[in-house]
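Order of appearance sets the numbers: ligands from 1, and atoms from 1 within every ligand. These numbers come from the heavy atoms of this one structure, side chains and all, not from hydrogens, waters or symmetry mates. Owing to the predicted nature of the structure, the values given are computational and were not obtained by experimental measurement.
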Amino acid sequence: MQDDFDRLLDRRGTGALKWDRRTPEEKRRGIVPLSVADMEFPCARPIQEAVRRAAEHGLYGYTDPDERYFDAVTGWLLRRHGMRVRSEDIVCENGVIPALSTALRALTREGEGVICFTPVYYPFAQVITLNNRRMAECPLLRSADGRYEMDFNRLEDLARRQDVTALILCSPHNPVGRVWTREELTQVVDICRRHGVLMLSDEIHFDIVLEGEHTVLARAGEGAADRCVLLTSPSKTFNLAGLRIANLIIQNPDLRASYKRQQEADGNSNIAYFGRAAAIAAYEECAPWVDALCGYLRGNFSWMEAFFSQRLPGAVLTRTEGTYFAWADFSAWGMDDAALSRFLRERAGLVLDDGTMFGAGGSGCARFNIALPRQELKKALDRLDAAVKGASL
Ligand SMILES: Cc1ncc(COP(=O)(O)O)c(C=O)c1O
């Protein structure tokens, strides 16, 4: 497996979004992007074989989640997350972001406020505002060593407002890489339940844990499952984003019925043929691959952490506990956001996600996708080191 993680696949000509969005100059230089959230690792062999078998069948008709599919999903949730789920609690979707959009329309009203801990994965703000809801920002607090924490006082202030009715939680948190502790999540549940705030918990990264232990929000406190929509997908864990498959766990029957009504209104009721085949193979056969992946990512992050402390004075790298992102703060270098973005992209030849994309708290920061062969990560950071020396910061 190590060999698979160390080998860079050529994705040119596959429509790969992350690669195609590079500038012509970056393409000419063969710059490996560290941006959009998929991994530069081939899928595990059992998944490749399942997709190949599905392709060989030759008929790719409308597909329903069947017993085999539900068994695979419920088996994974039980074995990896200690969560017992019934098939009827699962609602299938073709992506977590489309599902969040449907959930907002089904379970909140126009004009209502939706709490997010910021900086956060930027499509949250888009689905909230484009569905005519309001973003209620709860900025994360940051200690001097770069660790982010929730501001429970602010959360409570927002939750108690009549016009604030939902929270979108990102757990583990993209981009700052926190794996929220059970204690933190229990407080979130307590506050939300006390004020009748619905919890939409995006746990798409829940298998990618480098440090600590992930707790599913629905299991974090008394009555949590009843006020919670859990959004999961095999797409991040197994690198299947292009197969468009996601699963919601909605244990409260009224919430589930409302969600399904909106899903029907959206004309969205089947699952992806290839996604089904891949998800079954992933959940049934690929647990060892996920363990190896987390080990490899841990190695990448440790290497990067050492590099930052030895070679990039002033830059603060937040410890990644979960996800395959590293979040770095360059504000000590004294550049404004536009200058920092230009410096990282044009001088250092790095294709990253600028911190400002993730909301106000992202100023001075950038997100690195570290799910790529270590050699490629090293090449990218060597370019940054050289640019810093050239600019004599
Ligand atoms: C927190 C989070 N949620 C959702 C998504 C996207 O999910 P999907 O492609 O299933 O819509 C991502 C992708 O980066 C993500 O990081």
Side-chain angles (χ1 to χ4, degrees), residues 15-18 21 33-41 43 73 90-105 114-128 130-131 135 140 148 166-180 199-210 214 216-217 229-249 263 266 268 270-272 274-276 278-279 282 297 320-327 351-355 357-359 362 366-372:
L17 184 153
K18 178 166 38 172
R21 285 196 187 163
L34 275 62
S35 51
V36 176
D38 58 26
M39 304 193 271
E40 297 309 319
F41 305 134
C43 290
V73 176
I90 301 177
V91 182
C92 298
E93 269 289 0
N94 55 20
V96 163
I97 292 304
L100 272 175
S101 181
T102 301
L104 287 177
R105 285 196 302 284
V114 180
I115 304 169
C116 291
F117 293 106
T118 54
V120 77
Y121 179 56
Y122 43 88
F124 287 5
Q126 284 166 9
V127 283
I128 292 169
L130 293 175
N131 279 302
M135 177 92 169
L140 291 167
Y148 284 82
L167 159 81
I168 303 181
L169 179 76
C170 192
S171 176
H173 191 95
N174 172 6
V176 307
R178 272 300 314 277
V179 171
W180 305 116
M199 294 169 281
L200 306 173
S201 189
D202 176 346
E203 302 190 26
I204 195 168
H205 295 280
F206 70 168
D207 295 308
I208 303 177
V209 174
L210 312 189
H214 178 81
V216 175
L217 186 70
V229 172
L230 166 62
L231 300 105
T232 76
S233 165
S235 68
K236 300 291 154 198
T237 312
F238 302 99
N239 213 18
L240 307 173
L243 297 183
R244 307 310 305 156
I245 196 136
N247 298 297
L248 280 70
I249 316 299
Q263 195 183 34
D266 293 346
N268 201 5
N270 303 113
I271 62 168
F274 286 106
R276 172 191 166 276
L297 292 171
T320 296
E321 299 168 349
T323 76
Y324 47 73
F325 305 120
W327 179 251
V351 179
L352 307 173
D353 283 311
D354 291 341
M357 290 168 76
F358 301 88
R367 189 191 75 173
F368 292 69
N369 180 337
I370 61 166
L372 74 171

I'd like to check which ligand 1 atoms, numbered from 1 as shown, lie under 4.0 Å from a non-hydrogen atom of K236. 12 (C), 13 (C), 14 (O)
Pairwise side-chain contact, P175 with Y121, heavy-atom cut-off 4.5 Å (strictly under): no
Regarding ligand 1, does R244 bring an N or O atom to under 3.5 Å of one of the ligand's N or O atoms? yes
What protein heavy atom sits nearest atom 6 (C) of ligand 1, and how far off is it? Y121 OH, 3.4 Å
Examine the proximity of ligand 1 to V96 and report which part, side chain or backbone, both or neither, has a heavy atom under 4.0 Å away. both
To which protein heavy atom is atom 7 (O) of ligand 1 closest, and what is the distance rounded to 0.1 Å? I204 CD1, 3.4 Å
Ligand 1 atoms nearer than 4.0 angstrom to some heavy atom of N174 are 15 (C), 16 (O)
Here the atoms of ligand 1 under 4.0 Å from any heavy atom belonging to A37 are 14 (O)
So the atoms of ligand 1 within less than 4.0 Å of a heavy atom of G95 turn out to be 10 (O), 11 (O)
CG of N131 to CG of L104, rounded to nearest 0.5 Å, is 6.0 Å
Looking at every heavy atom in both W327 and G355, which two are closest together, and how far apart are they? CH2-CA, 3.6 Å
Could you tell me which non-hydrogen atom of V73 sits nearest to which non-hydrogen atom of N247, and how far apart they are? CG2-ND2, 3.7 Å
List the atom of C170, the atom of W180, and the distance in Å for their closest heavy-atom pair. O-NE1, 3.0 Å
Which atom of L217 lies closest to which atom of E203, heavy atoms considered: N-OE2, 3.1 Å
Work out whether the distance between some heavy atom of P98 and some atom of ligand 1 is less than 4.0 Å. yes
Which heavy atom of N239 sits nearest a heavy atom of C43, and at what distance? O-SG, 3.4 Å
Among L200, V229, T232, which one satisfies side-chain contact (heavy atoms from CB on, under 4.5 Å) with L248? V229
Could you list which atoms of ligand 1 come closer than 4.0 Å to a heavy atom of H205? 1 (C), 15 (C), 16 (O)
What do you reckon, does I97 have a nitrogen or oxygen under 3.5 Å from a nitrogen or oxygen of ligand 1? yes
For E93, state whether at least one heavy atom is located under 4.0 Å from any atom of ligand 1. no
Nearest option to atom 1 (C) of ligand 1, as decided by whichever heavy atom of T323, D202, L169 sits closest: D202
Can C170 be said to touch ligand 1, with heavy atoms closer than 4.0 Å? yes
Is the Lys NZ or Arg CZ of R178 less than 6.0 Å from the centre of Y148's six-membered ring, within 45° of the axis? no
